[in-house]
Structures are given as C-alpha cells and as structure tokens.
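In the text below, chain A, chain B and the rest are named by the order of the sequence lines, each starting its count at 1.
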Number of protein chains: 2
Amino acid sequence: MKDNNDMPGHLARRFQQIAVAVFLAEVADAGFDLTPVQYAALATIKANPGLDQVTLAGLIAYDRTTITGVIDRLVQKGLAERRASSRDRRARELEITDEGRRTLRKITPAVESAQRILLRGLSTREGEELMRLLRKAIAAGNDLSRAPLRSPDV
Amino acid sequence: MKDNNDMPGHLARRFQQIAVAVFLAEVADAGFDLTPVQYAALATIKANPGLDQVTLAGLIAYDRTTITGVIDRLVQKGLAERRASSRDRRARELEITDEGRRTLRKITPAVESAQRILLRGLSTREGEELMRLLRKAIAAGNDLSRAPLRSPDV
DNA sequence: CGATATTGCTCAGTATGCTGACGATCAGTA
DNA sequence: TACTGATCGTCAGCATACTGAGCAATATCG
C-alpha cells in the first residue's frame with residue numbers, strides 16, 4: 001500500500017497548504033490583510049494597467065469565475081478599480097489605485113520573507129532545483145486544469 | 001520585479017491546482033465521483049479502522065473543521081460510517097463500509113494513473129527528486145500550518 | 001472532590017477553486 | 001445585413017481550508 005508521502009498529489013496539497021499559511025502569517029505580521037491570491041492579482045494589475053479580467057486570469061492561472069470575487073475584494077479594500085472598457089462593452093478594465101500601490105510597496109518584504117521561509121528546509125541549490133522541477137511539471141500539465149496559464153500575446 | 005515563476009508559493013498553488021484537476025479527471029474516467037481529499041480520508045480510515053476524527057485529520061494533515069464536512073460526504077455516499085465511541089463519548093469512531101472498500105479497490109488504478117500524469121513532464125529520476133525536495137520542504141514547514149501532519153503515537 | 005484546563009466535535013463566516021449556465025456583446029460569414 | 005459562434009463577465013451551487021467560537025466530555029491538579 002502506497003504511503004501518502006509517495007503521492008505527488010498529496011505532497012502538492014501539503015506544500016500549498018504551508019505556502020498559504022506562511023504567506024498569511026508574514027503579511028499579517030507586517031500589518032496587512034491580503035491573501036496570496038489577492039497579492040498576485042494586484043501585482044499583475046499594476047504590471048499591466050488597464051487589462052481585462054480574462055487576461056488577468058490567464059496571466060496568473062485563475063479561473064474566470066474565481067477572479068470575479070478576488071477583484072470584488074480588492075475593489076472593496078480600495079486597492080483596485082474596475083471600470084467599463086470603451087472598446088469592448090463586455091469587458092472591464094482594471095487599474096491599481098494609489099492605495100494599492102502603497103500596499104504593494106510596503107508588503108513586498110513580507111512576501112519575499114514568506115518565500116524564503118517556505119524553502120527554509122532546503123539549501124539554496126535544493127530550493128532552485130525544486131523550483132525548476134515544479135516549473136517543468138507545471139508546464140507539462142498546464143492545459144490539464146480549467147485555468148491554464150496564458151502568456152501575453154505580445 | 002520578481003516573476004511569478006520565481007515564487008515557490010505561486011508554483012505550489014499551480015502544482016496543486018493541476019494535481020486536483022488530473023485526479024478528478026482520472027477518477028471520473030473510471031466512473032467514480034471522489035475528490036482527492038475524500039480519497040485520502042477513506043484510504044486512511046481503511047488502514048486505521050475505528051480511529052477518531054482528530055486522529056484521522058492528523059494523519060493526513062487536514063484541519064479538524066474541514067474533516068467534519070469530508071466525513072459527512074463519505075457517509076452520505078455510503079462509503080464510511082461514523083459511530084459514537086464507547087471509551088470517549090466526545091469522539092466518533094470511523095469505519096469503512098464494504099461499499100467503501102469496493103470503491104477504493106476499483107479506483108486505485110485511476111489514482112495511480114493520476115500520479116503518473118502529474119509527473120509526466122519529468123524523468124523518473126526528476127520525479128523522485130521533486131518528491132524528495134517536497135518532502136523535505138514540507139517537513140521543515142510542517143508546524144507552520146494550522147493542520148500539521150501528526151504521526152501515529154505508536 | 002472540585003475547580004480548571006484540555007480535548008473532540010461542530011458551527012458560522014470568509015476565501016479560494018471548480019462546474020455549468022446565463023445575458024450581453026462582439027466577430028466572422030453567408 | 002442577418003445568422004452563428006465565440007467571448008466577457010456574472011451567478012448559483014458545491015468542495016476544500018481556514019479563523020474563531022462554543023458545547024460536551026475528559027483529564028489534571030490542588
């Protein structure tokens with residue numbers, strides 16, 4: 001009988017579980033209340049001003065039905081704005097607010113600290129190897145989830 | 001500016017996302033309707049008959065408030081039973097049913113297939129190295145989440 | 001024994017993620 | 001131009017995960 005520890009799926013769940021806990025703890029210590037998902041969305045909005053929700057979802061591999069709620073909460077916190085697009089009346093253009101920019105700037109050390117803590121059991125070399133292997137496995141399985149990563153069309 | 005792909009936390013989320021999608025697809029192909037979480041719980045109940053909910057949660061690193069709903073659904077599907085403990089009237093003893101045993105047996109190939117698909121982008125050696133590194137990182141961060149893994153007291 | 005602390009379980013509330021469906025809009029084509 | 005299909009956003013419903021609270025029962029200690 002296979003042990004849970006031999007199941008990559010189980011290890012994936014555990015690793016993600018710890019990653020979220022560490023992120024929330026570090027961010028809370030810094031005095032902020034932002035989830036990993038909200039952080040990634042906000043950072044991506046800042047890097048791609050005026051993008052629509054579907055594009056945002058593709059850039060960070062979220063489901064389009066999930067992104068609605070995430071943006072709702074960013075807007076409610078005053079960190080982002082959602083406005084109608086002039087070119088496509090179906091789409092909403094997303095912008096980061098000054099408050100969102102301030103939050104991102106102040107929260108960055110906590111986010112980086114969280115990434116370090118997550119790998120604290122590994123050497124630098126091992127940490128890099130883990131990320132390389134994860135990237136490789138993820139690339140091979142990208143299209144297997146409903147919300148694949150989509151590179152910008154450029 | 002750090003890319004998402006340099007964030008182990010982001011990679012963790014993506015890998016887990018794909019793992020769940022692959023698991024559900026393989027299991028559905030085999031004609032069953034069981035989530036990864038429900039599968040792990042059921043397999044652990046089978047391996048440890050009569051265990052209580054807190055012990056089960058510890059063995060698979062689930063939160064105690066999460067396990068309640070998971071068991072609800074296993075019971076509702078007729079795969080497990082929850083009965084009062086005679087030694088501790090707070091506790092519930094968990095048992096797998098014959099139907100649960102049958103389901104586990106028939107579903108095993110799909111579960112194993114899912115694990116293979118999840119690593120299909122990696123060589124055998126790389127897959128093993130990924131699991132080793134994940135285990136190591138998880139062990140170091142085990143106590144950082146609200147639901148750490150707890151080995152049986154033996 | 002009795003007060004206190006701890007433990008097992010549940011519940012309410014919040015936040016991801018997903019399936020499947022829908023209305024509104026846009027794009028391509030006959 | 002009218003039709004068809006695709007796309008954008010949203011919604012309802014379900015299943016994890018978590019926080020924090022609470023009840024009932026057990027354990028511990030003075």
Query - Exam field: side chain B:Tyr62 to backbone B:Val37, donor-acceptor pair closer than 3.5 Å - result: yes

Of all the nucleotides listed ([options]), which has the minimum atom distance to the side chain of [X]?
X	options	answer
A:Asp52	D:dC8, C:dC18, D:dA15	D:dC8
A:Val54	D:dG9, D:dA15, C:dA15	D:dG9
B:Arg92	C:dT10, D:dA15, D:dG9	C:dT10
A:Gln38	C:dG8, D:dG9, C:dA15	C:dA15
A:Gln53	C:dT16, D:dG9, C:dG8	D:dG9
B:Arg73	C:dT16, D:dT19, D:dT16	D:dT16

Query raised in the report: Do any side-chain nitrogens or oxygens of B:Arg87 fall under 4.0 Å of OP1 or OP2 in D:dT26?
Result: no

**Report entry** side-chain N/O B:Arg82 vs C:dC9 OP1/OP2, d < 4.0 Å
**Finding:** no

Any base atoms under 4.0 Å from [X], or only sugar-phosphate, or nothing? Heavy atoms, all strands.
X	answer
B:Ala21	nothing
A:Asp88	sugar-phosphate
B:Gln16	sugar-phosphate
B:Arg89	sugar-phosphate
B:Thr66	base
A:Arg64	base
A:Thr68	base
A:Thr65	base

State, yes or no, whether a side-chain contact exists between [X] and [Y] at a heavy-atom distance under 4.5 Å.
X	Y	answer
B:Leu94	B:Leu74	no
A:Leu56	A:Asn48	no
A:Val111	B:Met7	yes

Query raised in the report: Taking for each residue the nucleotide of DNA chain C with the nearest heavy atom, is it B:Gln17 or B:Thr55 whose nucleotide lies nearer the 5' end?
Result: B:Thr55

Report task. Please figure out whether A:Ala147 or B:Ile67 has its closest DNA chain C nucleotide nearer the 5' end. Result -> B:Ile67

Interatomic distance, [X] [atom1] vs [N] [atom2] [rounded to whole Å]:
X	N	atom1	atom2	value
A:Arg90	C:dC22	CZ	C1'	15 Å
A:Gln76	C:dA15	CD	C1'	12 Å
A:Phe23	D:dA17	CZ	C1'	16 Å
A:Arg13	D:dA15	CZ	P	17 Å
B:Leu56	D:dT16	CG	C1'	15 Å
A:Leu94	D:dT10	CG	P	9 Å
B:Arg146	D:dG20	CZ	C1'	8 Å
B:Asp72	D:dA17	CG	C1'	15 Å

**Report entry** A:Glu126 bridged to B:Arg132 by N-O distance under 4.0 Å
**Finding:** yes

Report task. Kindly determine whether B:Asp143 and B:Arg150 satisfy salt bridge (charged side-chain N to carboxylate O under 4.0 Å, His left out), including the steps that lead there. Result -> CA-CA 10 Å; B:Asp143 289 331; B:Arg150 300 194 183 288; 5.4 Å; no

